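Working notes, beginning with the structure itself.
On a predicted model such as this, the values are computed, not experimentally measured, just so you know.
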Amino acid sequence: MSDNKIQRKVTSSSLSFGEGRGEACGEASGMRGEASGESRITGAEALIRSLKRHGVKTIFGYPGGTIMPTFDVLYDHLDEINHVLVRHEQGAAHAAQGYARVSGEVGVCLVTSGPGATNTVTGIADAMIDSTPVVVISGQVATPFLGTDFFQEVDLVGITQPISKWSYQIQRAEDVAWAVARAFYIAKSGRPGPVVLDFAKNAQVEMVEYEPATLDFIRSYDPDPDTDENCLQAAVRLIDEAKRPLVLVGQGVELGNAQEELRRFVEKGGLPCGCTLLGLSAIPTDHPLNKGMLGMHGNLAPNIKTNECDVLIAVGMRFDDRVTGTLDTYAKQARIIHLDIDPSEINKNVKVDIPLLGDCKKTLARLTELIRENRHTGWIDGFAEYAKIEDERVIRKEINPREGPLNMGEVIRAVSEATKNEAVLVTDVGQNQMMAARYFKFSKYRSMVSSGGLGTMGFALPAAIGATFGAPGRTICAFMGDGGLQMTIQELGTIMEQKAPVKVIVLNNNFLGNVRQWQAMFFGGRYSFTPMANPDYMKIAEAYGIPSRRVAQREELQAAIREMLQTGGPFMLEACVIEEGNVLPMTPPGCSVNQMLLEC
């Protein structure tokens, strides 16, 4: 493993697992056990007790052959742990992600071996790149049959090691508490991410003297690196001397619960900021220093100003290619400060001048304490010119059209305003995602749930289900296209059974819209397999017992939204939108971040 990947992934060798618990799971690795004083129990019972010990109250799952002993034990604990039966294991993984993203806790899913396990792989990969803490527990064939191509045997550890923080096979009942304690510690500590526990069937039925365990230290794993004081002082000097500073706000601010620290930092320094897709709700949309979204379909002002600023302060973001455009011309005029908890992100894509390793909740607080109060009024006023251009040439046309079919943006803005901008936004992937990111507004933290790095179509519906359990008191608005909905449409059955209050908004343009836009712009308008023949979504919703309404006329939109929000429980609103609408502005691939198209 290369040096720059050590923090991102936690391997078996780096944790010194050895053959069993021994020294590696004792005091040398921060494990604390305590005698239970009870009779021996099965490994499956030990797993459920360990999950309860780590505060798990909701599990998303699907039973099957090799995990049945655990599901049988779970049946006796349903007064303390709620199990949500999804309709496909991919849905379990995405639901766990949605739960984790809005709650800040670890999401858990429980599936069987073979196809049940491999169906979670997309969700695991999605959670890895978007730093979402989930624990995926799968059944596995009994250890005597490993490697024999036994029915529904698959090497899940081998498959998931490259896309998880830690992947481990539990082969003995005595290792259950040990493995669960590590799984939760690794998933949530440092830069969060997914952990996989592959639970052999024999370990589920073996008897063990259960000893509850907690963990706060693992040798060779440093999830909270110390911040270099010299780098901190250098960053303060650079910020104080800056004439044209710009803060880039990433999801790491929300993962680190550093939203208030961020606000105090930018307010004291008079620092304008732009947000990545997943960082959009880390600071309220209407905060005067929030200048909008960064990236390919972001706002004009923060993108142009990225290549005009003299100091760029990146907080909890990874300089994704959709944010930077071509790296050859990205912020070459700026001195760059990068705050991140993961050393592997420093200098990975963009060479920085001052790295500030550590938990941004701490580093932001220290910076705020040390920097001078400032306003940068002239620099900040310069953002308004570009905001005005974008408003006149793009935004007004999208959210307030005078005629023609409904636009995606006007539907999204109308829903946001009807919820007083307080709802949780869950998006699928494609034009619906970019439009929602642009036109939904945020006033509360942890309100943006989307598949960022992997771009997983089908993410929204199951993730929204998870969000209803992670934030039960909030309105969950899930925007998706007609393509993404059909990838996980079976999860309407989960919504039906759970009465999960998801407000499903289908932006139906009868196309795979994002691909169609690229085909129109870069492939001569050759719509190769992007037009879609769609079913009657109202009849499908009716079959699942979900109230629904279709709207195609502008004058019907507000009434339809009111009906959706006033209906208790789930609701499906299908908005028939313009078929060949485009998401603008847009930085074309291979172009500089400030070369944004306002029309196409």
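Remark: the backbone N or O of G316 is not paired with any side-chain donor or acceptor of D340 at under 3.5 angstrom. In this structure a side-chain-to-backbone donor-acceptor pair under 3.5 Å is present from E390 to L300. Counting only distance, with no hydrogens or angles, the side chain of E373 and the backbone of G269 share no donor-acceptor pair below 3.5 Å. Under a 3.5 Å cut-off, the side chain of K441 and the backbone N or O of R438 do not form any donor-acceptor pair. Judged by distance alone, the side chain of D228 and the main-chain N or O of L356 form no donor-acceptor pair under 3.5 Å. With R413 contributing its side chain and Y439 its backbone, the two residues share a donor-acceptor pair below 3.5 Å. Checking side-chain atoms of N374 against main-chain N and O of G270 turns up no donor-acceptor pair under 3.5 Å. D286 places no side-chain N or O within 3.5 Å of a backbone atom of S443 that could act as its donor or acceptor partner. A distance-only check finds no donor-acceptor pair linking the side chain of N303 to the backbone of L294 [under 3.5 Å]. A donor-acceptor distance shorter than 3.5 angstrom exists from the side chain of D310 to the backbone of R244, with no hydrogens or angles considered.
Residues N299 and M596 come closest through the heavy atom pair O-SD, 4.1 Å. Pairing each heavy atom of N421 with each of E417, the nearest pair is OD1-N, 3.7 Å. Across all non-hydrogen atoms, the minimal contact from C477 to A423 is SG-CB, 4.0 Å. Between L262 and V247, the closest heavy-atom pair is CD1-CG1, 4.4 Å. Taking every heavy atom of both residues into account, L271 and P245 meet most closely at CD2-CG, 3.6 Å. For V583 against M434, the heavy-atom pair with the smallest separation is CG1-CB, 3.7 Å.
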Steps toward side chain to side chain donor-acceptor pair (under 3.5 Å) verdict (T58, N82):
CA-CA 5 Å; T58 301; N82 178 37; 4.5 Å; no

Run the side-chain contact (heavy atoms from CB on, under 4.5 Å) test on T427 and N432 for me, step by step, so that the C-alpha distance in whole Å, both residues' side-chain angles and the decisive distance to 0.1 Å come before the verdict.
CA-CA 7 Å; T427 83; N432 68 88; 4.3 Å; yes

Trace of the side chain to side chain donor-acceptor pair (under 3.5 Å) decision for D320 with T276
CA-CA 9 Å; D320 173 70; T276 67; over 6 Å; no

Is there a side-chain contact (heavy atoms from CB on, under 4.5 Å) between M293 and C275? Walk through the geometry before answering.
CA-CA 5 Å; M293 183 170 75; C275 300; 5.7 Å; no

With ring pair (Phe, Tyr, Trp, His ring centres under 6.0 Å) as the criterion, how do H338 and F319 come out once you've worked through the C-alpha distance, each side chain's angles and the decisive distance to 0.1 Å?
CA-CA 10 Å; H338 191 179; F319 291 107; 5.2 Å; yes

Stepwise side-chain contact (heavy atoms from CB on, under 4.5 Å) check, V449 with L425
CA-CA 6 Å; V449 181; L425 170 66; over 6 Å; no

Between Y99 and T132, is a side-chain contact (heavy atoms from CB on, under 4.5 Å) present by the stated rule, with each step listed?
CA-CA 10 Å; Y99 178 94; T132 307; over 6 Å; no

Side chain to side chain donor-acceptor pair (under 3.5 Å) evaluation trace for Q97 with D126:
CA-CA 9 Å; Q97 288 178 270; D126 196 292; 2.9 Å; yes

Run the numbers on S281 and S447 for side chain to side chain donor-acceptor pair (under 3.5 Å), then give the verdict.
CA-CA 6 Å; S281 64; S447 295; 4.9 Å; no

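Residues L367 and L339 form a side-chain contact, since some pair of their non-hydrogen atoms from C-beta on lies under 4.5 Å apart. P284 has its side chain out of reach of K444: every pair of non-hydrogen atoms, C-beta onward, lies at least 4.5 Å apart. Side-chain contact check for T306 versus L246: some heavy-atom pair is nearer than 4.5 Å. Using a 4.5 Å cut-off on side-chain heavy atoms (C-beta onward), P462 and V86 make no contact. Residues M296 and M586 are in side-chain contact: their nearest non-hydrogen atoms beyond the backbone lie under 4.5 Å apart. Considering only heavy atoms from C-beta on, P133 stays 4.5 Å or farther from F184 through its side chain. Side-chain contact check for I137 versus V108: some heavy-atom pair is nearer than 4.5 Å. By the 4.5 Å heavy-atom criterion applied to side chains, I371 and D240 are counted as neighbours.
Checked by atom type, the side-chain pair Q433/S450 shows a donor-acceptor distance below 3.5 Å. Side-chain N/O atoms of T468 and R474 include no donor and acceptor closer than 3.5 Å. In this model, a donor atom of one side chain and an acceptor atom of the other lie less than 3.5 Å apart for Y221 and S189. For the residue pair T368/R264, the side-chain donor-acceptor check at 3.5 Å is not satisfied. In the model, T488 has no side-chain atom that pairs as donor or acceptor with a side-chain atom of E491 under 3.5 Å. Side-chain contact of E267 with H287: a donor-acceptor pair under 3.5 Å is present, judged by distance alone.
Checked for salt-bridge contact, E229 and R366 meet the test: a charged N lies under 4.0 Å from a carboxylate O. K243 has no carboxylate O lying under 4.0 Å from a charged side-chain N of E241, or vice versa, which leaves the two without a salt bridge. A salt bridge is absent between D359 and K361: the closest approach of a Lys/Arg side-chain nitrogen to an acidic carboxylate oxygen does not fall below 4.0 angstrom. For the pair E105 and K188, the salt-bridge criterion is met [side-chain N within less than 4.0 Å of a carboxylate O]. A salt bridge does not link R318 with D342: none of the charged nitrogens is closer than 4.0 Å to a carboxylate oxygen. Using a cutoff of 4.0 Å between basic side-chain nitrogens and carboxylate oxygens, R446 and E254 are not scored as salt-bridged.
Within a 6.0 Å sphere centred on CG of D226, heavy atoms belonging to other residues, nucleotides or ligands number 12 at most. By the 6.0 Å contact criterion, CZ on R322 is open, its count of non-hydrogen atoms from other residues, nucleotides or ligands being 12 or less. Crowding of K268 atom NZ: a count of heavy atoms from other residues, nucleotides or ligands under 6.0 Å exceeding 12. Atom NZ of K57 has 12 or fewer neighbouring heavy atoms from other residues, nucleotides or ligands inside a 6.0 Å radius.
Here the straight-line distance linking atom CG of L47 with atom CZ of R49 works out to 12.0 Å at 0.5 Å rounding. With values rounded to the nearest 0.5 angstrom, Y330 atom OH is found 14.0 Å from D328 atom CG. Annotation: the span from L110 atom CG to S138 atom OG amounts to 9.0 Å, rounded to 0.5 Å. Rounding to the nearest 0.5 Å gives a distance of 4.5 Å between CD1 of I354 and CD1 of I337. Summarising the geometry, atom CD1 belonging to I239 is positioned 9.5 Å from atom CG belonging to L370; distances are rounded to the nearest 0.5 Å. Interatomic distance, CZ of F383 versus CD of E308, reported as 8.5 Å (0.5 Å rounding).
Screening V157, I186, D175, T160 against Y168 for a side chain to side chain contact (heavy atoms under 4.5 Å, CB included) leaves a single residue, D175.
Note that K305 lies outside the cation-pi zone of Y386, set by a 6.0 Å cut-off to the ring centre and a 45° limit from the axis.
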